[in-house]
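Comments concern the structure below.
In each ligand, atom 1 is the first atom listed, and ligand 1 is the first ligand listed.
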Amino acid sequence: MAYRPPVRRRGPRPSGPPRQLLQLQPLSTEELVTLPRATTVHDLADTLRVPPVELIKGLLRRGIMANINQVIDFDTAASLCDDLGYETILQTAQEKEVSVLSGARRALKEGAKGFAQRPPVVTIMGHVDHGKTSLLDAIRETKVTEGEAGGITQHIGAYQVEVDGHPITFVDTPGHQAFTAMRARGAHVTDIAIIVVAADDGVMPQTIEAINHARAARVPLIIAINKIDRPEANVDKVKAQLADQNVLIEEYGGDVVAAQVSARTRQGLPELLEQILLVAELEELAADPNRRAEGVVLEAHLDPQRGAMASILVQAGTLHIGDLVVLGETSARVRAMYDDLNKPIKIAGPSTPVNLLGLGAVPEPGDLFQVVADEKTARTMVESRERERQMQEAAPVNVLSLASMFEAVKSGVAKDLNVVLKTDVQGSIDPIRSSLQKLGDDHMHVNVLHAAAGTVTESDVMLAAASKGIVLGFNTRVEPGARRSADTAGVEIRTYEIIYNLVDEVEKALKGMLEPETIEIIEGKAEVRRVFTVGRRSAIAGSQVIEGKAMRNAMARVLRGGKVLADERVGGLKRFKDDAREVATGLECGITLDSFIDFEEGDIIEFYRKEKQAVS
Ligand code: GDP
């Protein structure tokens with residue numbers, strides 16, 4: 001992943017871990033400890049595998065009286081970790097996906113105790129009408145007919161099938177939009193992406209989008225060439241088209257697995273499922289089933305009879321009846337849970353989808369859930385999640401703007417500039433892409449996540465958001481929905497009409513030479529009530545401030561009937577006879593501008609400042 005949060009300096013290491021720690025087999029100090037913004041003493045002790053009292057003592061030394069449920073912020077937790085010789089890293093929501101997975105993989109490779117293989121979680125993506133839903137249904141039916149005959153399947157966001165005793169979990173919401181929206185929220189759900197391509201239609205724009213979305217998430221692909229029962233099916237053509245997209249299947253000397261299937265006749269389905277297991281094996285998917293459960297909300301809704309319901313996917317640990325779970329900004333005791341066949345179950349291990357009923361509130365898809373020790377921890381965690389959301393809402397951070405790129409590279413926060421490129425015509429893509437790719441050096445390079453002809457869509461913005469990148473448009477329009485999503489997600493969209501300008505700005509950004517964009521801040525408005533002419537060359541607009549404030553050190557526009565008559569610096573601002581720096585709403589003042597003197601009663605004077613866009 002291109003973007004990494006700052007790593008705290010490693011503190012002095014103790015000569016050896018204290019004795020109590022040895023008994024508990026503490027974490028190796030070689031491991032990077034990933035911490036959330038806020039954690040409890042109990043959870044930190046759990047993570048470090050040290051007795052909580054060690055941490056409480058450390059807090060006391062800092063003058064903090066704490067009990068085991070005390071919530072501590074990242075800085076405090078990090079300094080406690082420093083004491084024990086651990087290097088820490090701030091876990092942003094987005095980083096969670098990386099750390100959870102890499103931790104699991106590392107642990108499996110090291111043969112650490114407690115980690116066990118877990119079923120793969122599979123998402124189906126592809127162009128509309130190529131058979132995503134039919135394939136999901138056909139796979140689900142294999143389960144229902146094999147022993148669950150008559151069982152009514154419950155739509156719970158995901159379901160599991162078993163192949164030769166090995167379960168596979170399928171996410172029931174197909175499509176790359178849902179996949180990337182989850183990722184943008186920091187939830188990494190999918191281990192393997194199946195890209196469906198209809199053999200009678202071939203590779204289409206959304207096929208390419210789906211492939212690029214999966215690649216940006218570094219999720220391995222399996223190609224399912226569907227509808228092979230159709231007379232028009234042309235499997236070879238699909239394979240050649242895929243090769244054009246640099247998706248090289250095994251027959252073409254590549255390493256992408258392809259299966260030929262028909263969702264209608266079920267032909268090839270057993271082979272597809274086998275392929276999934278093979279790819280899963282290579283991925284070494286693992287999770288610790290013995291810890292408190294955590295995972296992600298797949299779907300949630302309010303059932304008129306049964307109240308708030310959520311479909312969740314357990315990603316690590318095991319969920320039990322009676323557990324106290326925090327989901328998004330709500331918490332609940334698990335009184336009953338159901339599997340994908342609506343059967344009550346008592347426990348759910350890693351990669352298991354379950355349905356929870358009777359929640360206090362409806363969480364959102366993509367919300368993370370976590371089992372906690374007690375009500376108090378649940379409350380503090382809900383409060384801290386609420387605070388974090390409010391903070392984010394108050395100050396929408398620009399994930400990464402072109403202007404901030406240089407700083408990000410210099411400080412080691414970013415290595416790649418991730419770009420989604422949309423152009424007017426197909427022919428523009430290659431020259432722009434190759435010019436951008438030439439800009440890189442040893443320290444960084446431009447990574448084109450997805451390039452296509454067409455307008456900038458919401459899906460493009462989500463991809464950029466999930467990959468902490470930007471969207472570049474060339475001679476193309478930005479769809480209104482995309483603009484709205486970009487504003488909320490803090491994604492920069494830049495559009496250009498000349499290739500040279502696009503490439504030049506990216507180059508300047510990489511070299512730290514791009515001027516930060518200036519933005520305009522409207523400070524207030526005043527309405528002219530009386531005009532005082534002073535000699536022939538000067539006029540004072542006797543005005544009342546009707547909005548915000550009038551400011552001396554600012555620019556002003558004079559507006560009359562929707563027309564701008566002047567746009568220049570404020571010359572003077574007086575309150576009665578005295579110079580004033582600012583005059584608040586409701587008050588009267590005398591305004592002069594640098595050169596404009598033709599004020600009339602009823603004119604509106606708008607005060608504004610220009611500010612360089614903060615480099616985030
Ligand atoms: P989605 O938009 O990708 O979810 O596609 P659907 O699953 O809704 O399928 C689109 C259409 O293709 C439907 O009319 C399906 O019946 C049909 N279809 C899907 N899979 C197959 C297949 O393997 N063979 C044939 N002949 N038709 C299929």
Side-chain angles (χ1 to χ4, degrees), residues 121-146 153-161 163 168-182 189-190 192-215 217 219 221-239 241-242 245 247 249 256-276 298-299 311 340 353 365 450 452 454 457-460 462-463 481:
V121 181
V122 180
T123 299
I124 297 189
M125 313 203 260
H127 196 75
V128 65
D129 279 348
H130 279 198
K132 298 181 289 293
T133 317
S134 308
L135 200 56
L136 272 167
D137 289 347
I139 294 169
R140 190 198 330 247
E141 278 165 30
T142 57
K143 171 177 182 170
V144 179
T145 47
E146 278 172 22
T153 51
Q154 172 94 345
H155 179 77
I156 70 159
Y159 64 82
Q160 254 184 1
V161 293
V163 182
I168 304 173
T169 304
F170 284 89
V171 176
D172 217 356
T173 318
H176 57 273
Q177 289 87 351
F179 168 84
T180 299
M182 281 262 180
V189 172
T190 307
I192 298 171
I194 297 196
I195 309 288
V196 181
V197 191
D200 59 347
D201 202 22
V203 169
M204 299 300 278
Q206 285 173 44
T207 318
I208 299 168
E209 252 185 50
I211 290 171
N212 290 337
H213 282 231
R215 277 179 169 164
V219 168
L221 308 177
I222 294 178
I223 304 291
I225 303 176
N226 188 32
K227 306 199 188 183
I228 53 164
D229 59 294
R230 299 210 47 167
E232 306 90 331
N234 187 343
V235 173
D236 288 335
K237 188 171 146 209
V238 174
K239 289 179 180 171
Q241 287 173 327
L242 287 167
Q245 298 300 323
V247 177
I249 57 171
V256 178
V257 176
Q260 297 175 30
V261 295
S262 161
R264 179 156 295 171
T265 66
R266 310 251 179 106
Q267 193 185 339
L269 288 195
E271 289 79 8
L272 174 64
L273 296 173
E274 290 287 330
Q275 311 269 40
I276 295 171
L298 297 173
E299 283 179 14
S311 306
D340 52 343
H450 175 60
T457 64
E458 228 174 319
S459 169
D460 297 324
M462 292 320 280
L463 178 58

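Counting only heavy atoms of the protein, atom 19 (C) of ligand 1 lies nearest to Ser134 OG, 3.3 Å. Given atom 3 (O) of ligand 1, the protein heavy atom at minimum distance is Lys132 N, 2.8 Å. Nearest protein heavy-atom neighbour of atom 11 (C) of ligand 1: Lys227 NZ, 3.9 Å. The protein heavy-atom contact nearest to atom 2 (O) of ligand 1 is Asp129 N, 2.8 Å. Annotation: atom 16 (O) of ligand 1 to nearest protein heavy atom, Arg264 NH2, 3.0 Å. For atom 26 (N) of ligand 1, the nearest protein heavy atom (residue, atom name, distance) is Asp229 OD2, 2.9 Å.
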Verdict with supporting geometry, Lys227 and Glu232, salt bridge (Lys or Arg N to Asp or Glu O under 4.0 Å): CA-CA 9 Å; Lys227 306 199 188 183; Glu232 306 90 331; over 6 Å; no
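Closest approach of Ala217 to Phe179, counting heavy atoms only: CB-CZ, 3.7 Å.
By the 3.5 Å distance cut-off applied to N or O atoms, Gly131 is counted among the residues near ligand 1.
Atom 13 (C) of ligand 1 is never approached by the protein to below 4.0 angstrom, counting heavy atoms only.
Salt-bridge check for Asp172 with Arg140: passed, with a basic side-chain N closer than 4.0 Å to an acidic carboxylate O. Using a 4.0 Å cut-off between a side-chain N of Lys or Arg and a carboxylate O of Asp or Glu, Asp200 and Arg230 qualify as a salt bridge.
Under 4.0 Å from ligand 1, the heavy atoms of His130 that appear belong solely to its backbone.
Tested against Ser459, the residues His450, Glu209, Gln206 include a single side-chain hydrogen bond (donor to acceptor under 3.5 Å, both in side chains) partner, Glu209.
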